[in-house]
Amino acid sequence: MTDLPLHLGAARRHPAGGLDAAGLRAAIAESFRKLAPRQAMRSPVMAVVLLGTLLSALITIAASADKAFGIAVTATLFVTVLFANFAEAVAEARGRGQAASLRAARRDLVGRRLDDAGNETRVAASELRAGDRVLVSAGEFVPADGEIERGVATINEAAVTGESAPVLREAGTDRSGVIGGTKVLSDEIVVRVSAEPGGSFLDRMIALVEGANRQKTPNEIALTMLLAAMTLTFLVVCVTLPFLAGFVGVKLDPLLLIALLVCLIPTTIGGLLPAIGIAGMNRALKANVLAKSGKAVEVAGDVDVLLLDKTGTITHGDRQATAFHPLGGIDREQLRDAALLSSLADPTPEGKSIVRLARELRSRVEDPQQATFVSFSAQTRMSGVDVGARSIRKGASDAIARHVRALGGVVSPELDARVEQVARGGATPLVVADGKHVLGVIELSDVVKHGVKERFARLREMGIRTVMITGDNPLTAAAIAAEAGVDDFIAEARPEDKLARIRAEQAAGHLIAMVGDGTNDAPALAQADVGVAMNSGTQAAKEAGNMVDLDNDPAKLLAVVEVGKQQLITRGALTTFSLANDVSKYFAILPAMFAAALPSMASLNVMRLASPNSAVLSALVFNALIIPALIPLALKGVRFKPASAVALLRRNMLVYGLGGVLLPFVGIKAIDLLLAAIGV
Ligand SMILES: Nc1ncnc2c1ncn2[C@@H]1O[C@H](COP(=O)(O)OP(=O)(O)OP(=O)(O)O)[C@@H](O)[C@H]1O
Ligand SMILES: [K+]
Ligand SMILES: [Mg+2]
């Protein structure tokens, strides 16, 4: 079984960093393609700049006295739009680079498709449809994402997860999920394909990081609306300004009005917003998380309760029978044979391991004639067999106790002691009853995944409460809870109890993440605000959640929370910066606009800019250049340390608010000096 990766979120497979020359050229070409009206209209702020560019070009051609100045203004405006497009194109290109390594894993895959008669045909993976069944043997690659329908195999998932230790995947268990591009090392499995070509989780994630079908998150939509409202306000101001100026006999240059408008509307954040969103999805992918939407990642930033399933999520989930504990007066053989009989048709890993242990202990029980098997369900938490008049059941201690009492039997204190003894060690006790007589206890052992305790501690530092929720008995749950270091646990939970607990926490105002792997976790995964399914889990779990963790790491939420928080903080910081920038531009453009008519306005020219034209151009050029200058920050994200929201806000207001006010004074002055030097 895999141990957890040591460095959470570390880019193991994807070389970080920027673009090569070819990537850069492609991004530049893409910047021009994004000028197409449908694309350009996506951002109201940049749409206004593009319209301003066209208007400015028309004025320059038709009416302007100073053609050179008109051309310079028009060109600067145009470049502003291109820079914004470039920011988005670079983010998309980086995502594509990251996705390429994952995609490479599934190029040229071929599958052996089975028809109903069991005949096989070799087909390209691209021809496989959801519902197709494929046969995969040792040494072959799994051609598409799916669920094992028959068989058990060890698989190397390194191509997709970067983790080279082989993992066990098995039909009918909570570890039945397989991914296209991984390699079967031993045995043979039949896989039912789960997605149409291009529709797998990986394909969806790739589309998200490439920006192809990126949906704006609710926060992003709210910010876009705010920016649009501000843009509209400044538009009204700039349209009415000439009339007001007219009253005092001042005639305003329409070019200067356009320049003023573009400087005042929040072009910086408007231009960088898509890049910030795409970069967030990139970071999630780097952490080996496939998210179905950007929204889920962002919501994760605010989660305060994490519910975790025990078996298969906190533990490896490969529960193995290790011992039989008969009650006093019961033969060891009697318990062994009853346990075997009740498990002969039990396909669960627990059932199979009981058969294995009993056979090792030389049980000679044969497959009975005319037996009715009762299969395990998470609802009854029992399984067993009816042979003739005999009815054997095995299951969770409370479930068997109820069953035995219903038949008029009694549950002895000795049984309670046995159950307790097994459970205290963190193992799962299965009680075996023959009719109304309890025979004893089977001990099932499971192992807690490596390194979770430290990471749950870090979640606690970030203010996230961890709650383990399991169908197992309270004592086993308590032992595993202590070993894993969760804050709280709920035992003997059925699927609807998991769901009810999430609803209750949500009603109390908490934002809930749920991590699980089984079909019995699916309702809870769907109800949670953030549902993270283990990649090894069942198809139902993966469909119900809104993220899939390729590493099967219960503490992966830590990485996702960081990505979500960082995305929110980055957006907030750059918005603050963008708005704070405006202050300097008043001081640059207003004196320039009124220079001729109102000489007293010259006192506002605190930067001592060379001429009105140079002042306007300097402000516009700064306004354009700040976008590419901030691309690295938008992509990398504002530095994030676990700290209180208030402390973070204070720090960011200081850095990005004050910095946003002061920096342009220096920048605009420098550009003005440069323009003067080259004789503008
Ligand atoms: N094959 C089986 N036959 C009979 N009883 C079983 C079998 N498998 C598990 N049980 C019992 O049923 C209980 C509930 O199992 P289930 O898999 O639903 O939850 P769980 O083991 O707690 O896993 P999780 O933590 O993932 O919810 C187990 O704790 C065990 O006591
Ligand atoms: K601006
Ligand atoms: Mg489970």
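One-based numbering, in listed order, for ligands and for the atoms of each. Only this structure's heavy atoms are used, side chains among them; waters, hydrogens and symmetry mates stay out. Note that the coordinates shown come from a computational prediction; the quantities given were computed from them, not determined experimentally.
Donor-acceptor pairing under 3.5 Å is lacking for the side chains of T476 and T428. A donor atom on one side chain and an acceptor atom on the other are found under 3.5 Å apart for E496 and Q379. With 3.5 Å as the limit, one finds no donor-acceptor pair spanning the side chains of S397 and N473. Side-chain contact annotation: D446 with T315, donor-acceptor N/O pair under 3.5 Å present. Residues S176 and T538 bring no donor and acceptor atom of their side chains to less than 3.5 Å of each other.
Contact annotation: V262 places an N, O or S atom under 3.4 Å from the K ion (ligand 2). Among the backbone and side-chain atoms of T268, no N/O/S atom is found under 3.4 Å from the K ion (ligand 2). Residue contact annotation: S578 places no N/O/S atom under 3.4 Å from the K ion (ligand 2).
Under a 4.0 angstrom heavy-atom cut-off, R494 registers as lying outside contact with ligand 1.
Contacts with ligand 1 closer than 4.0 Å are made by side-chain heavy atoms of N520 only, the backbone lying farther away. By the criterion of a heavy-atom distance under 4.0 Å, neither the backbone nor the side chain of T313 is placed next to ligand 1.
Near A378, meaning under 4.0 Å from one of its heavy atoms, ligand 1 places the atoms 18 (O). Each of the atoms 4 (C), 5 (N) of ligand 1 lies under 4.0 Å from some heavy atom of G395. Contact atoms of ligand 1 toward T348: 1 (N) (distance under 4.0 Å to a heavy atom of the residue). Proximity to L430 (heavy-atom distance under 4.0 Å) selects the following atoms of ligand 1: 5 (N), 6 (C), 10 (N), 11 (C), 30 (C), 31 (O). Of all the atoms in ligand 1, the ones that sit under 4.0 Å from a non-hydrogen atom of K310 are 25 (O). The contact set between ligand 1 and S383, taken as ligand atoms under 4.0 Å from a residue heavy atom, comprises 2 (C), 3 (N), 4 (C).
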For a side chain to side chain contact (heavy atoms under 4.5 Å, CB included) check, start with the C-alpha distance between T231 and L261, then their side-chain angles and the critical distance, and finish with the verdict. CA-CA 8 Å; T231 305; L261 175 64; 5.7 Å; no

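Using modelled atom types, one side-chain atom of D487 and one backbone atom of T466 make a donor-acceptor pair closer than 3.5 Å. In this structure, the side chain of R169 does not engage the main chain of V152 through any donor-acceptor pair within 3.5 Å.
Across D472, L308, I480, T311, heavy-atom proximity to atom 23 (O) of ligand 1 is greatest for T311. One option in R319, R381, E350 has a heavy atom closer to atom 17 (O) of ligand 1 than any other, and that option is R319.
In this structure, F665 and F587 have tilted ring planes: the angle between them lies in the 30° to 60° band.
With the K ion (ligand 2) at the apex, C263 O and I265 O define an angle of roughly 100° (rounded to 10 degrees). Annotation: angle subtended at the K ion (ligand 2) by T267 OG1 and N623 OD1 is 70°, to 10°.
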